[in-house]
Structures are given as structure tokens and as C-alpha cells.
Amino acid sequence: MLKEKIQELARQVHPEVVGYRRHLHANPELSFEEYNTSAFVKATLDKLGVPWSPMANTGVVGLIKGEKPSDAVIALRADMDALPIKEANEVPYRSKQVGVMHACGHDAHTSSLLGVAAILQQLRSEFGGTVKLIFQPAEEKIPGGAAQMIKEGVLGSPKPMAVLGQHVMPSLPAGKVGVRPGKFMASSDELYITITGKGGHGAQPQQNIDPIVIASQIILSLQQIVSRAANPKTPTVLSFGKVIANGATNIIPDEVYIEGTFRTMDESWRREAHGRMKKMAEGIAESMGATCDFKILHGYPFLINEEKTTARFRECAAQYLGQEHVEDIDIWMAAEDFAYYSHQADACFYMLGVGNDVKGITSSLHTPTFDLDEDALEIGVGLMAFVALCFLDE
Ligand code: NI
């Protein structure tokens, strides 16, 4: 049975996968700067005898061809970059780069895909078709490595029938996998707003144009785009995380600077909301004698899990893990550049449980104490290898 074979191989490669993961965790690199990570991936693929080609500067695409006749192609994607976070974990594999940390588990994604490569390379005589291994740079930073990989032809020949991506999720216990068909993650845009008035003495407001009062009005009014203009069926979030008004108790400043994020799950509403927000902010500023510079940095689109591909993933995952370990999960307003693949090809992005209350592994993604239960990587690696062959076998 293929399943038992893959389980056994996943057990065998597990120590190596953990070794890869710890090496990458200790040596994290920021988005678009994954030079050593890329070299490590290439060297490991060389060792495994898997042919690869470079793409998008630090990206790598490997190909494993089964020996049975078939034109089917499935793509598996891992991201490689780390975050500008100072690690707070006291572990032997703690980050050696101060202020840089694999706090989103991309070390696990890259090492897991290498583990999958090791398994599938050994099973070549047992399957037909091609597995495309996508190691992409810069998931964490706009414009995102996925867009660049697509531009350079990663979804071209051989053209995959589907792209699958696995992401670690600490809120899901190790041993489980979570998936959701349809719209799953949000589009994300960055907002940069500068309101310019006229500063002066706090005792003489009549001589000034107070940008703080105007900014307050703008922040509150913009929430009505979410509560009044958005269709209640379309998830929409607007949050501001930075407001700088550098006056004093008795000084009204000249300007206020604001940064925020806008997230939703509908491209036409996204465009409409951009226009409405800008118009509202500029209109309020103007009506009060100030000016408003409203910049929008377009991030990733929403992520959609194609229905049939996701149903197929569920079937294959249930065969490997048992139905009771495959969970339905809710939409998630975080953003992922895997979304770009999901708009260009049939795709499924699923979550691998890596949390473990007993071991005290509970920290969220993007925190200085994020870690994962490495035992879950054996499950994740075996699952991904099995699902890939399950798709090729269809
Ligand atoms: Ni991530």
C-alpha cells in the first residue's frame, strides 16, 4: 500500500526534516534576500538527485517525474522568507540573526517540501506524472514573491492541474489539518494618509487649522465604509495602527500621519472601497480647510480555494490522516501571496496543525515566541507527499 510506504518514508526522513528546519530557523533571511536559504534548497535537491532551476532571483523550482506514463502535473508550494522580529525563544536552534526570525513557519514549509522531495524521489517507480516543487521568495512583503514567480512562468510548462500550499497553524493541534473551500483569506492593502493643516498655539485654535481634530473625524468616518457601504455578506476590515501627531499640550502640529490596513474578499468591492475612502478623507479635510494625501499600497488579492480541488484535497487528506483529523476552518482575514496562484490556477491552501498545549506550544504566528511541534512535520510531510500522488492518480 502506498499510504503505508509514505508513512514509513515520512518517519525515515523526519530527523532530516527537523535538521533542515532547525538550520533554516537558526539562519533566517528577510524577504527577497533569501540567498543562503536558496543555496541550501539547491544543495539539498542536488543531494537528493532532484533537478531544479532558479527563478525570481532566490526562488527554486524542482521537478520530480514519476516513471509510469502520465502527463499529469501537480505543483506544491513552500515560501522561504522570515520576518523582522527579534526571537524570544530560548531554544538550541534560536535565530542567529538578531532581529530576524522565522515567526511564520516558513522554515517548516521549506524543510517540509524538501522532505516531500526526498520521499517522492524514492517513489518514482511507483507513480506517473510530474510533481513541481515551488520554493518561492518573499511571501511576507509586498509585492510578494508569488507574483514574480508567476510572471517568470512558474505555472507554465509543465502546467500544473492544481497548486497546493501548506501553512503551519498553531491554533490547530498537531495531528490535524484544516481546510476551507471557496474564499478563505483576505486581500490586504496598506493605507498611508497625511493630513496637513496649520499648526500654532493651542490657546488660539481660531488661527490654526487643527489636523488632529480633522484626522479624528476622518478615522471615525472611514469606519462607516465598513459598517454602511460594505455588503454585510462581504467580510471587510479597516484598522489603523499608527497615528502620529507630534505637537504638545499647547502646540497644535501642522500635520498628522496615519497608517492602516484595508482587507476584504471581493475584488470589485475592494476597488470601490479604495475610491470611497479616498474621497471621504479628502472631502472631510477640504471641508475643514486642510488637505489630505491618501496613498494606497496595493497588496495581495483575496485567496480562493477552488471547490473541486479542495474537495479532492479533503478526500486525499482523509485517506491519509483519517476523516476525524481533517477539520473545517473559518475564513481568516490575514493575507497570503499564495492568493496569486489561486487566481491563476486551481488551488488549495490548507493549514497544518502544529500547536501542542501539553508541550506549551501555543504562541501565535508573527510573535517573538512562535514555535511549532516538530512532530507535526512528519505528518505534514507524509500528507503532502500522499496528497500529491493522490492528485496525480486521479
Ligand atoms: Ni506565512
Side-chain angles (χ1 to χ4, degrees), residues 29-35 37-38 41-42 45 50-64 71-81 104 106 109-110 112-113 116-117 129-167 182-190 263-268 270-271 296-310 313 334-350 384 387-388 391-392:
E29 294 174 295
L30 290 172
S31 311
F32 297 109
E33 296 170 17
E34 308 90 343
Y35 298 103
T37 306
S38 177
V41 166
K42 291 166 186 167
L45 291 175
V50 175
W52 53 266
S53 39
M55 192 176 277
N57 203 17
T58 52
V60 185
V61 181
L63 282 181
I64 301 179
D71 293 332
V73 182
I74 181 83
L76 308 175
R77 173 272 205 173
D79 42 14
M80 305 190 289
D81 55 327
C104 197
H106 299 187
H109 304 162
T110 299
S112 293
L113 194 54
V116 170
T130 301
V131 181
K132 195 177 234 187
L133 310 165
I134 302 175
F135 297 89
Q136 72 150 76
E139 191 286 317
E140 299 286 1
K141 196 171 175 186
I142 295 172
Q148 189 65 30
M149 295 288 279
I150 292 168
K151 213 198 273 171
E152 296 191 19
V154 76
L155 297 178
S157 76
K159 185 176 156 50
M161 59 175 152
V163 185
L164 307 177
Q166 175 172 280
H167 201 293
K183 290 179 179 181
F184 174 42
M185 294 178 73
S187 61
S188 168
D189 302 304
E190 296 176 0
R263 291 157 189 255
T264 188
M265 290 189 165
D266 180 290
E267 288 303 303
S268 82
R270 179 187 181 193
R271 275 191 301 277
I296 300 172
L297 182 60
H298 293 228
Y300 310 150
F302 70 90
L303 187 154
I304 186 156
N305 281 333
E306 199 270 332
E307 303 279 346
K308 278 187 195 149
T309 308
T310 306
F313 169 80
E336 235 299 333
D337 82 344
F338 186 85
Y340 283 112
Y341 302 109
S342 83
H343 286 272
Q344 302 283 327
D346 288 348
C348 178
F349 191 62
Y350 62 94
M384 207 177 213
V387 168
F391 267 78
L392 289 180

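These figures come from a predicted structure and were not determined experimentally.
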Less than 4.5 Å apart, side chain to side chain, heavy atoms only: is that true for [X] and [Y]?
X    : Y    : result
L155 : P160 : yes
T264 : F302 : no
D81  : K141 : no

If I take atom [atom1] from residue [X] and atom [atom2] from residue [Y], how far apart are they, to the nearest 0.5 angstrom?
X    : Y    : atom1 : atom2 : value
R77  : M384 : CZ    : CE    : 9.0 Å
T310 : L164 : OG1   : CG    : 9.0 Å
C348 : Y341 : SG    : OH    : 15.0 Å
L113 : Q136 : CG    : CD    : 11.0 Å
L303 : F349 : CG    : CZ    : 6.5 Å
L63  : L133 : CG    : CG    : 7.5 Å

Keeping the roles fixed (side chain from T58, backbone from E33), state whether a donor-acceptor pair exists under 3.5 Å.
no
Is E29 reaching over with its side chain to a backbone N or O of T37, donor-acceptor style, under 3.5 angstrom?
yes
Could you pull out the closest heavy-atom pair between [X] and [Y], with the gap in Å?
X    : Y    : value
T309 : D346 : OG1-CB, 3.3 Å
D337 : A138 : OD2-O, 3.7 Å
P137 : G59  : CD-CA, 3.8 Å
H106 : E139 : CE1-OE1, 3.5 Å

When the aromatic ring centroids of F135 and H109 are compared, is their separation below 6.0 Å?
no
Between the side chains of N57 and Q148, does any donor sit under 3.5 Å from an acceptor?
no
Would you call the rings of Y300 and Y340 parallel, tilted or perpendicular, where under 30° means parallel and over 60° means perpendicular?
perpendicular
Whether over 12 other heavy atoms sit under 6.0 Å from K183 NZ
yes
So does R270 pair up with D189, basic N to acidic O under 4.0 Å?
yes
